[in-house]
Amino acid sequence: MKDTPKKLDELYAGKAKSVFKTEDADYLILEFRDDTSAFDGKQVEQLDRKGRVNNQFNAFIMTRLAEAGIETHFEKTLSATESLVKHMQMIPLECVVRNQAAGSLCRRLGVEEGADLVPPTFELFLKDDALGDPMVNESHAQTFGWASQEQISRMRELTFQVNEVLKQIFDAAGMMLVDYKLEFGVFKDRIVLGDEFSPDGCRLWDKETKEKLDKDRFRQGLGSVVESYEVVGHRLGIEFV
Ligand code: TMP
Ligand code: ASP
C-alpha cells in the first residue's frame with residue numbers, strides 16, 4: 001500500500017475497540033479505547049492509557065508473528081491508539097489454546113489452577129455476548145455455518161503456530177503464556193489472524209512469582225491493571241508513547 005487511506009465513518013463499536021471504514025475497501029482503522037470489559041460486558045470500566053498500551057502491544061506482537069511467517073491483518077500503527085488493518089470477513093469463533101489450566105477450564109473440569117497441560121488444549125467459543133460466549137465444537141461450526149472444517153483446521157494450525165512463537169518470546173522475558181484467545185477472518189480467500197493480541201485476551205504470569213500480569217487483575221479486582229500491561233511491555237522491550 002502506498003498512502004494511508006483516509007479514515008471514514010465508524011463501522012462498528014466493540015467493547016474495547018472501534019472500527020472505522022477507510023477510503024480503501026480493503027482496509028479498516030482500529031481505534032483502541034480505554035474501555036475495559038469482562039464477563040461478556042457485565043463489568044466495564046475506563047482504565048487510563050489502556051487503549052494506547054494495547055494498540056502498541058498488539059503492534060509489537062503482530063509484527064513478531066508476521067516475522068515468523070504468520071499472516072496477520074495488522075499493517076501499521078497510525079497514532080498512539082489507532083492501527084491500520086486489512087478488512088476481513090470475521091469468523092465468529094474464538095480459538096483458545098491453554099498451556100496451563102486457569103479460568104473457565106478450572107471451573108468446568110475441576111483442574112487445579114496452574115497445572116501443566118500436555119499437550120496444550122485447543123477450544124472454540126462462539127463470539128456471542130448475549131449467550132455468554134459458549135464453548136462450541138467443530139460439528140456446531142459446520143452445522144450453523146460459522147466456519148468450514150477446512151477453515152477450522154487452518155485456524156487450529158495457526159493458533160498452535162502462534163503458541164510456539166509467543167511462548168518463547170514471553171519465556172525469554174520471564175513470563176509464562178498460560179492461555180490466549182485468537183480470532184481469525186477471511187481476506188482474499190486466506191485465513192488471516194485478526195482482532196488483537198494484548199494482555200486483555202491472554203493470561204501471562206511471572207515465571208518466578210506466578211504473579212498475574214493480564215486482565216485477570218481486572219476480573220479479580222487486583223488493581224494495577226494497565227501498570228501490569230506496561231510491565232509486560234517493558235520486559236518485551238516495547239517503548240510506549
Ligand atoms: P477462559 O478461561 O475464560 O475460557 O479464557 C481463556 C483465555 O481466552 C483467557 O486468556 C481469556 C481469553 N478469552 C477472551 O479474551 N475472550 C473471550 O471471550 C474468551 C472466551 C476467552
Ligand atoms: N469475554 C471476555 C472476558 O471476559 C471479554 C468480555 O466479555 O468483555 O474477558
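When a ligand or atom number is given, it counts from 1 through the structure's own listing order.
Put simply, the side chain of D128 gets close to the backbone of L131: a donor and an acceptor are under 3.5 Å apart. Under a 3.5 Å cut-off, the side chain of R219 and the backbone N or O of F39 do not form any donor-acceptor pair.
The contact set between ligand 1 and G103, taken as ligand atoms under 4.0 Å from a residue heavy atom, comprises 2 (O). Atoms of ligand 1 found under 4.0 Å from any heavy atom of D133 (numbered from 1 in listed order, with element): 17 (C), 18 (O). With ligand atoms numbered from 1 in the order given, ligand 1 contributes 11 (C) to contacts under 4.0 Å with heavy atoms of R219. Close approach of ligand 1 to V96 is summarised as follows: ligand atoms under 4.0 Å from at least one heavy atom of the residue are 6 (C), 8 (O).
A donor-acceptor contact closer than 3.5 angstrom is absent between the side chains of Y180 and N99. Residues R33 and S18 bring a donor and an acceptor atom of their side chains to less than 3.5 Å of each other. K76 and T4 form a side-chain donor-acceptor contact under 3.5 Å, judged by distance and modelled atom types alone. If you check the side chains of R154 and T159, you find no donor sitting under 3.5 Å from an acceptor.
Sparse packing is recorded around NZ of K6, with 12 or fewer heavy atoms of other residues, nucleotides or ligands lying under 6.0 Å away.
Residue R108 places no N or O, backbone or side chain, under 3.5 Å from any N or O of ligand 1. Checking only distances, E94 does come within under 3.5 Å of ligand 1, N or O to N or O.
A heavy-atom separation below 4.0 Å is not found between K215 and ligand 1. At a 4.0 Å cut-off, not a single heavy atom of K15 sits close enough to ligand 1 to count as contact. At least one heavy atom of D200 sits less than 4.0 Å from an atom of ligand 1.
Residue E123 does not touch ligand 1, judged by heavy-atom distances below 4.0 Å. In M135, neither the side chain nor the backbone holds a heavy atom less than 4.0 Å from any atom of ligand 1.
Residues that satisfy the side-chain contact (heavy atoms from CB on, under 4.5 Å) test with E82, not counting sequence neighbours, are K7, I29, E31, L78, S79.
Closest to atom 1 (P) of ligand 1 by heavy atom, among A38, C95, C202, S104, is S104.
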